[in-house]
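I have placed the structure first, in the form of structure tokens, so that the comments after it can refer back to it.
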Amino acid sequence: MAIEENYIEDISSQIRARVDPSKLPDDGLDQLFSSYALLALSKGIQVTNEDVHDAWSAWASQFDPENESLVPFDELSQETQSQDTIFRDAIREVAKTLSD
């Protein structure tokens, strides 16, 4: 008997499917995308790059605690801030399907 995904896992999978795998870290992806699923549910299409960074920071504090980007969003370079855009866009796309 196959185990079905719960709604968080389903949303996580939908977001993850929209992100280029080469842009993803090696470990902890289920936890990271669960955080992104929560953003899709709570912030919806209003999610920002800063929201994505905050969710990533919560994840990174467990899986990559020495990462130099583990600082508040406004302390990041513009280049580093822009790296959250692909995740923000994926979250927004999925959030839009949830509200339709």
Side-chain angles (χ1 to χ4, degrees):
M1 182 171 149
I3 298 175
E4 292 186 35
E5 287 185 325
N6 65 48
Y7 77 107
I8 296 294
E9 292 168 334
D10 180 54
I11 295 167
S12 297
S13 295
Q14 290 180 53
I15 295 168
R16 191 170 173 175
R18 288 169 167 80
V19 176
D20 178 351
S22 71
K23 304 293 184 191
L24 300 176
D26 294 328
D27 298 318
L29 291 177
D30 291 342
Q31 293 86 346
L32 180 60
F33 279 91
S34 288
S35 295
Y36 293 164
L38 178 60
L39 286 176
L41 291 166
S42 62
K43 298 284 297 215
I45 61 171
Q46 302 302 317
V47 71
T48 66
N49 282 23
E50 185 171 3
D51 298 324
V52 171
H53 176 72
D54 289 341
W56 173 87
S57 293
W59 169 87
S61 67
Q62 287 187 311
F63 289 94
D64 192 8
E66 302 301 318
N67 192 299
E68 64 185 28
S69 294
L70 196 49
V71 297
F73 185 76
D74 61 354
E75 293 180 21
L76 297 170
S77 69
Q78 288 288 344
E79 180 183 341
T80 302
Q81 288 180 359
S82 70
Q83 292 174 6
D84 292 319
T85 302
I86 60 171
F87 301 99
R88 182 206 63 203
D89 291 349
I91 293 165
R92 285 180 177 178
E93 287 175 27
V94 172
K96 184 164 177 15
T97 69
L98 297 174
S99 66
D100 287 345

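- No donor-acceptor pair under 3.5 Å is formed between the side chain of Trp59 and the backbone N or O of Gln31.
- Expressed to the nearest 0.5 Å, how far CD of Gln62 lies from CG of Leu32 amounts to 11.0 Å.
- Between Ile8 and Ser34, the shortest heavy-atom distance links the atoms CG2-OG, 4.1 Å.
- Summarising the geometry, atom CG belonging to Leu41 is positioned 4.0 Å from atom CD1 belonging to Ile11; distances are rounded to the nearest 0.5 Å.
- The side-chain hydrogen bond (donor to acceptor under 3.5 Å, both in side chains) search around Arg88 returns Asn49, not counting sequence neighbours.
- When the salt bridge (Lys or Arg N to Asp or Glu O under 4.0 Å) test is applied to Glu50, no partner is found at least two apart in sequence or on another chain.
- Annotation: ring-ring contact (aromatic ring centres under 6.0 Å, His included) contacts involving residues 76-100, sequence neighbours excluded, comprise Tyr36-Phe87.
- Here CG of Asp84 is found 10.5 Å from CG of Asp89. Values are rounded to the nearest 0.5 Å.
- Among residues two or more places apart in sequence or in another chain, the side-chain contact (heavy atoms from CB on, under 4.5 Å) test is passed with Glu9 by Glu5, Asn6.
- In terms of the side-chain hydrogen bond (donor to acceptor under 3.5 Å, both in side chains) criterion, residue partners of Glu93 (sequence neighbours excluded) are, by chain and number, Arg18.
- Donor-acceptor pairing under 3.5 Å is lacking for the side chains of Thr85 and Ser82.
- Every residue meeting the salt bridge (Lys or Arg N to Asp or Glu O under 4.0 Å) condition with Asp30, not counting sequence neighbours, appears here in chain and number order: Arg16.
- Under the 4.5 Å side-chain heavy-atom criterion for ILVMFWY residues, a single connected hydrophobic cluster contains both Leu29 and Val19.
- Residues Leu98 and Tyr7 have side chains not in contact (no heavy-atom distance under 4.5 Å, counting atoms from C-beta outward).
- In this structure Asn67 satisfies the side-chain hydrogen bond (donor to acceptor under 3.5 Å, both in side chains) test together with Asp64, sequence neighbours excluded.
- Sorted by first then second residue, the salt bridge (charged side-chain N to carboxylate O under 4.0 Å, His left out) pairs that include residues 66-82, not counting sequence neighbours, number zero.
- Using a 4.5 Å cut-off between side-chain heavy atoms of Ile, Leu, Val, Met, Phe, Trp and Tyr, Val71 falls into a hydrophobic cluster with Phe73, Leu76.
- Atom OG1 of Thr97 sits about 14.5 Å away from atom CZ of Arg92, to the nearest 0.5 Å.
- Here salt bridge (charged side-chain N to carboxylate O under 4.0 Å, His left out) pairs that include residues 31-48, with residues two or more places apart or in two chains, are Lys43-Asp51.
- A search for side-chain hydrogen bond (donor to acceptor under 3.5 Å, both in side chains) contacts involving Asp10 returns Gln14, not counting sequence neighbours.
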Before giving the answer on side-chain contact (heavy atoms from CB on, under 4.5 Å), spell out for Asp20 and Ile86 the whole-Å C-alpha distance, their side-chain angles and the decisive distance to 0.1 Å. CA-CA 9 Å; Asp20 178 351; Ile86 60 171; 5.7 Å; no

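- The shortest non-hydrogen separation linking Ser12 to Phe33 is OG-O, 3.1 Å.
- Applying the side-chain contact (heavy atoms from CB on, under 4.5 Å) criterion to Ile45, with sequence neighbours excluded, gives Ala95, Lys96.
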